[in-house]
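Written out below as structure tokens is the structure these notes cover.
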Amino acid sequence: MKQAHELVGMSREEVVSFVETMGEPAYRGRQIFAALQHRRLRSFDEMTDLPTELRTRLAEMARPASLTVESRYLSEDGTRRYLMKTHDGLPVETVFIPEERRDTICFSSQSGCPLQCTFCLTAQLGLLRSLTAGEIVEQIIIALNDAYGAGNQPPRGTNLVGMGAGEPFLNFDSLLKALRVMADPQGLYIVPNRVTISTAGVVPRILELANVADRPHLAISLAAPTDELRNQLMPINKRWSLEQLLKACKEFEKTLKANERFTFEYVMLEGVNDSEEHARQLANLLNRHDMKAKVNLIPHNTAEPLPYRPSADETVDRFKQILESKGVHVYVRRPRGRDIFAACGQLAARQGTPININSIGA
Ligand code: SAH
């Protein structure tokens, strides 16, 4: 096969142009886009509303899907983790988190990650490569199909978080492209307002995202209230300091909608960043920049061989109280899927005992 066209990363208009180059009418392109993105079909064979001859020609030139599911893991709390592989054999991880009123899918933007945050397991992989727009979209399709079956529309809303492996802002163009494709009402129809992207602090992209018309929500991984500590935990801080980061956040804040809040994530590491002094420093940092943000405290998820332990519940409570006493909104994030290494910072292509693929779900 010559260079195969990756259809699942294309917008509706691009699929239409592609079929036109094959000498087909535009409506065929719209039909194929809907088959891929609305019905979530992953092979041309299943697109039985297309003539057999067209399906054969398509299969020669294009690929409707390129990720394969290697294993999947089911947590006691209903969270599912998928370990997938790209066509060139690299790991991709996705987490499906069912909640009462909606589902959340946590997707990866890169295979591995180039940032070297000391508390995160994904860092140990290094960067393997950035994912294509199609590989981002496919993660969502695979998770929804597993939960509800291809062709069935999810009964609840779907929220997306770009908090899986990788730094989304180091794969900015593919990320935005994937978001545009997913927002199409004739397709998945997951609009940017349903999406939150988390960054370790790639300052120029924060400013760039602020100017994107239909943009997702933003979360910033902070992990430390001073440059000294953040330099140690998140080496990206040596490139863009807390001062630069907070200034960019302040710029971004100007573009927030009335009910929109932006979030700082703060992973709680016992004895490292969880003292009362750290809490006061964090509140002062946010207040000095007059940030009306919310802080998500994330108890550290075990990530052996990393030398960290989660802060005790009382420490988290005390930290929260101090922030609140200084007017900062705080939320303690309940870890999901820890038992299957699906929680924050645990995505490192880990194998485990996969549950039987046929034993759950539709
Ligand atoms: N690179 C992006 C996207 C990954 S998000 C970013 O850094 O924001 C992953 C989130 O999980 C980050 O907020 C990070 O602080 C948090 N995290 C990483 N390792 C963790 C761990 N072991 N336990 C709990 N949270 C962790």
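Read the numbers this way: they start at 1 and go in the same order the structure lists the ligands and their atoms. Predicted model, so just to flag it, every value in this text is computed and none were measured. Worth knowing before you read on, the calculation uses all heavy atoms, side chains too, and leaves out hydrogens, waters and symmetry mates.
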Check your understanding: Do E138 and R42 meet the salt-bridge criterion of a basic N to acidic O distance under 4.0 Å?
Key -> yes
Point to revise | salt bridge (Lys or Arg N to Asp or Glu O under 4.0 Å) partners for D88, two or more places apart | key: R129
Practice item. Return the protein residues near ligand 1 (heavy atom under 4.0 Å from any of its atoms), ordered by chain and residue number. Key: F119, C120, M163, G164, G166, E167, P168, S198, T199, A200, S221, E265, V267, I298, P299, H300, N301, C344, G345
Exercise for review: State which residues pass ring pair (Phe, Tyr, Trp, His ring centres under 6.0 Å) with Y266; sequence neighbours excluded, sorted by chain then number.
Suggested key: F319
Exercise for review: Please check if the distance between the ring centroids of Y82 and F96 is under 6.0 Å.
Suggested key: no
Study note, to complete from the structure: Residue set satisfying ring pair (Phe, Tyr, Trp, His ring centres under 6.0 Å) with Y308, at least two apart, ordered chain then number -> H300
Review point. Are the ring centres of F18 and H5 closer than 6.0 Å?
Key: yes
